[in-house]
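Written out below as structure tokens is the structure these notes cover.
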Amino acid sequence: MTTIRTLRTDVAVIGGGIVGASAALALRQMGLGVALLERDLCGSRSSGVNYGGVRRQGRPLSQLPLAQRAHRIWGRLPELLGIDGEYIRSGHFKIARSESDMASLERYRAMSSDFDLGLELISAARLREQCPWLGTRAVGGSLCVEDGQANPRLVSPAFALAAQRAGAQVFERHKVDEVAHDGALFMVRSGNALEVHAPVLLNCAGAWAGAIAERFGETLPLRSGHPVMAVTEPVPHFMDWSLGVEGGGIYCRQVARGNLVLGGGAGIALDADRARVDRDAIATLAVQAVELLPTLRHAHFIRTWSGTEGYLPDREPVLGPSRTTPGLFHGFGFAGAGFQIGPAAGEVLAELARDGRSSTPIDAFAIERFDPVPEPEPQPASTTASDARPH
Ligand SMILES: Cc1cc2nc3c(=O)[nH]c(=O)nc-3n(C[C@H](O)[C@H](O)[C@H](O)COP(=O)(O)OP(=O)(O)OC[C@H]3O[C@@H](n4cnc5c(N)ncnc54)[C@H](O)[C@@H]3O)c2cc1C
């Protein structure tokens with residue numbers, strides 16, 4: 001018979017994506033004890049398979065304080081993680097394909113002027129001169145010089161490693177299948193292997209966080225989404241910027257090795273955990289890519305993939321205290337845009353764990369914006385999360 005390992009700490013974290021791992025790192029920097037449980041490998045889900053856009057431009061104003069905080073963290077990446085994660089402030093250029101797109105970019109620049117994003121509008125004439133490689137549908141755009149890109153496969157696991165080096169207890173391949181709260185302490189259990197007791201619990205389980213919230217009587221309209229990604233063979237380097245288009249659609253960046261990483265459209269869930277690209281979405285992406293960058297006409301895609309990300313109806317995360325259970329804090333539902341703000345969300349969660357409040361405004365992300373569910377059915381003292389259904 002195996003004996004379950006039991007430990008007591010200050011904060012238990014469920015989920016080793018960029019949000020949970022950066023929370024663990026920030027908690028250690030505050031001197032708090034932390035145990036992080038990750039079902040797979042840290043950074044192997046959304047946080048490690050995303051496009052790698054580190055972009056503030058285009059975010060809703062509600063997210064800009066958090067994005068600015070994250071921008072400062074990204075600027076200290078080598079000092080924090082010991083690697084640069086291929087993070088570069090390459091510039092993010094949002095393309096206008098019509099005069100009305102251009103007007104909308106101008107409006108965003110005016111609306112976001114308090115945040116010092118340094119947005120610069122670029123006319124069609126200057127674009128033709130500066131970027132002869134851009135297709136003719138681009139009639140101008142908006143450049144955020146200090147936005148950039150990074151390699152998610154390097155950055156996200158590195159946050160967990162840095163947390164571990166700083167003293168966090170990181171348990172990979174430890175799926176949390178049971179959680180409970182006795183009024184003072186949370187109990188978080190992974191099978192017969194580990195039981196963690198802590199007065200604070202951070203729910204950073206990404207697209208799967210709804211199942212954890214539900215255990216505490218908080219049912220949310222969280223659904224999973226699957227952005228489609230593709231990468232081309234290497235081509236001679238021609239572009240530094242990361243590109244997006246106003247109104248959404250394709251996005252694209254070129255890495256130092258010459259490959260173009262592209263995203264756009266929606267993939268297909270195979271089950272609650274796995275997703276793949278959709279053939280039609282890839283065909284559309286290929287057409288859009290050539291329209292945007294004609295030089296890609298003969299480039300081959302060498303790999304396509306997708307991931308599983310949590311979306312709430314307003315595409316804002318839930319970041320803040322639980323409404324039912326003191327000591328429980330949520331950080332999930334980043335709607336395809338949590339890589340850039342993830343490190344700041346982690347710091348905010350650490351502040352909430354230590355102080356009960358955040359020094360960055362997070363009211364827009366309160367769980368209270370969703371209608372409370374009717375009184376939950378009486379629950380036994382502890383319940384299993386293993387019957388979680390896909391959202
Ligand atoms: C294809 C794609 C492209 C994207 N592109 C960008 C982009 O360019 N820029 C950007 O800013 N954002 C982007 N995003 C969004 C970004 O990747 C996510 O918002 C961010 O990574 C979310 O981080 P997370 O830590 O909340 O979630 P995750 O990385 O999903 O981490 C959650 C972790 O919790 C673990 N977990 C779940 N349940 C349990 C359990 N019961 N027990 C233990 N562990 C559990 C999971 O295994 C997972 O590792 C993209 C997302 C995808 C999928």
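Both counts, for ligands and for their atoms, begin at 1 and track the order of listing. Keep in mind the model is a prediction, meaning the values are calculated, not measured.
For ligand 1, the polar-atom distance check finds no N/O of T308 at less than 3.5 Å from any of the ligand's N/O atoms. Backbone and side-chain nitrogen or oxygen atoms of M229 are examined, and none is located within less than 3.5 angstrom of a nitrogen or oxygen of ligand 1. Every N/O-N/O distance between S306 and ligand 1 stays at or above 3.5 Å. Where the criterion is an N or O separation shorter than 3.5 Å, residue side chain and backbone included, E38 meets it with respect to ligand 1. Between G336 and ligand 1, a contact under 3.5 Å exists for at least one N or O pair. Taking any N or O of E309, backbone or side chain, at least one lies under 3.5 Å from an N or O belonging to ligand 1. Polar contact check, G53 against ligand 1: a nitrogen or oxygen pair lies under 3.5 Å apart. In terms of polar-atom proximity, S47 is counted as a contact of ligand 1, with an N or O under 3.5 Å from an N or O of the ligand. Between V176 and ligand 1, at least one N/O pair is under 3.5 Å apart. In terms of polar-atom proximity, defined here as any N/O pair under 3.5 Å, S46 does make such a contact with ligand 1.
Nearest residue to atom 34 (O) of ligand 1 from G333, G210, A150, G15 is G15 (criterion: closest heavy atom). When G43, A205, G267 are checked for heavy-atom proximity to atom 38 (N) of ligand 1, A205 turns out nearest. Nearest-heavy-atom check against atom 51 (C) of ligand 1 across V19, N50, N203, I341 picks out N50.
Under 4.0 Å is where a charged nitrogen must lie from a carboxylate oxygen, and between D147 and R55 no such pair does. A salt bridge is absent between D101 and K94: the closest approach of a Lys/Arg side-chain nitrogen to an acidic carboxylate oxygen does not fall below 4.0 angstrom. In summary, R357 and E351 do not engage in a salt bridge, as defined by a charged side-chain N under 4.0 Å from a carboxylate O. A salt bridge is defined here as a Lys NZ or Arg NE, NH1 or NH2 lying under 4.0 Å from an Asp or Glu carboxylate O, and E195 with R189 meets this definition. Salt-bridge formation is detected for the pair R257/E86: a Lys NZ or Arg NE/NH1/NH2 atom is positioned less than 4.0 Å from an Asp or Glu carboxylate oxygen. A salt bridge links E347 to R69: at least one charged side-chain nitrogen sits closer than 4.0 Å to a carboxylate oxygen. Contact check on D314 versus R369 returns a salt bridge, with a Lys/Arg side-chain nitrogen under 4.0 Å from an Asp/Glu carboxylate oxygen. Salt-bridge formation is detected for the pair R45/D40: a Lys NZ or Arg NE/NH1/NH2 atom is positioned less than 4.0 Å from an Asp or Glu carboxylate oxygen.
A side-chain donor-acceptor contact under 3.5 Å links R56 and Q68. In the model, T219 has no side-chain atom that pairs as donor or acceptor with a side-chain atom of E214 under 3.5 Å. Using modelled atom types and a 3.5 Å distance limit, the side chains of T360 and S358 yield no donor-acceptor pair. Side-chain atoms of S242 and Q149 include no donor-acceptor pair closer than 3.5 Å. Side-chain atoms of E309 and H226 form no donor-acceptor pair, as typed in the model, at a separation below 3.5 Å. Judged purely by distance below 3.5 Å, without hydrogens or angles, the side chains of H174 and E172 never pair a donor atom with an acceptor atom.
Shown in contact with D40 at under 4.0 Å from a heavy atom are these atoms of ligand 1, numbered in order with element: 47 (O). The ligand atoms of ligand 1 that sit less than 4.0 angstrom from a heavy atom of F334 are 19 (O), 26 (O). Below 4.0 Å from some heavy atom of G338 lie the following atoms of ligand 1, by number and element: 10 (C), 11 (O), 12 (N), 15 (C), 16 (C), 18 (C), 19 (O), 20 (C). The atoms of ligand 1 that sit less than 4.0 Å from any heavy atom of L37 are 43 (C), 44 (N). Short contacts between ligand 1 and R45, defined as distances under 4.0 Å to a heavy atom of the residue, involve ligand atoms 30 (O), 46 (C), 47 (O), 48 (C), 49 (O). Short contacts between ligand 1 and I18, defined as distances under 4.0 Å to a heavy atom of the residue, involve ligand atoms 23 (O), 25 (O). Heavy-atom proximity to H174, at under 4.0 Å, picks out these atoms of ligand 1: 43 (C).
Counting heavy atoms closer than 4.0 Å to ligand 1, residue I14 contributes side-chain atoms (C-beta onward) but none from N, CA, C or O. With a 4.0 Å cut-off on non-hydrogen atoms, A207 does not touch ligand 1 at all. Of the heavy atoms in W208, only side-chain atoms (C-beta onward) come closer than 4.0 Å to ligand 1.
Under a 4.0 Å heavy-atom criterion, S44 is not in contact with ligand 1. Under a 4.0 Å heavy-atom criterion, R59 is in contact with ligand 1. The closest approach between G52 and ligand 1 falls below 4.0 Å for a heavy atom of the residue. Ligand 1 lies less than 4.0 angstrom from a heavy atom belonging to A337. Within the 4.0 Å heavy-atom cutoff, H226 does not count among the residues contacting ligand 1.
Of the possible donor and acceptor atoms, one in the side chain of S46 sits under 3.5 Å from a partner among the backbone N and O of T308.
Relative orientation of the W74 and Y87 rings is tilted, given thresholds of 30° and 60° on the angle between their planes.
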